[in-house]
Amino acid sequence: GQFTNDIKGLSPGQGNYNPLLTQKGKVRADLFIYRDEGGFYLLIPKPFSEIVISHLQKLATLSRVRIAETQNFAFLQPQIADLPFNLDKT
């Protein structure tokens with residue numbers, strides 16, 4: 001995988017922290033992956049967004065993945081206890 005934590009095992013409503021890795025294991029970016037009923041969402045800090053999108057688009061041609069950028073979210077900086085999903089390594 002390209003991420004450090006398991007995302008296939010996430011249930012809807014769960015998420016976890018994942019660095020995005022190169023094939024040699026070097027960290028390219030930090031992000032959170034959140035799963036809901038419709039699929040997975042990547043919460044990417046703006047400075048890393050182009051790196052992550054470019055990296056994943058190269059891999060998307062090998063699978064049935066659709067990558068789309070959205071501006072439909074507003075993000076706050078809540079305390080960890082206030083997050084609506086579990087950040088444990090599940």
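Keep in mind that what you see is a predicted model, and the values were worked out from it rather than measured.
No option in T4, L21, T22 other than L21 meets the side chain to side chain contact (heavy atoms under 4.5 Å, CB included) test with V27.
For the pair D30 and P45, the tightest heavy-atom approach, listed with the atom from each and the gap, is O-CD, 3.1 Å. E37 and P12 get closest at one heavy-atom pair: OE2-CB, 3.4 Å.
At a threshold of 4.5 Å between non-hydrogen side-chain atoms, the residues I44 and L20 do not count as touching. Contact of the F32 side chain with the N16 side chain is not registered, since no non-hydrogen atoms from C-beta on lie closer than 4.5 Å. Residues F40 and I7 meet the side-chain proximity criterion, which asks for heavy atoms closer than 4.5 Å.
Interatomic distance, H55 NE2 to R28 CZ, rounded to the nearest 0.5 Å: 6.0 Å. Interatomic distance, R35 CZ to Y41 OH, rounded to the nearest 0.5 Å: 11.5 Å.
Of the possible donor and acceptor atoms, none in the side chain of N5 sits under 3.5 Å from a partner among the backbone N and O of N18.
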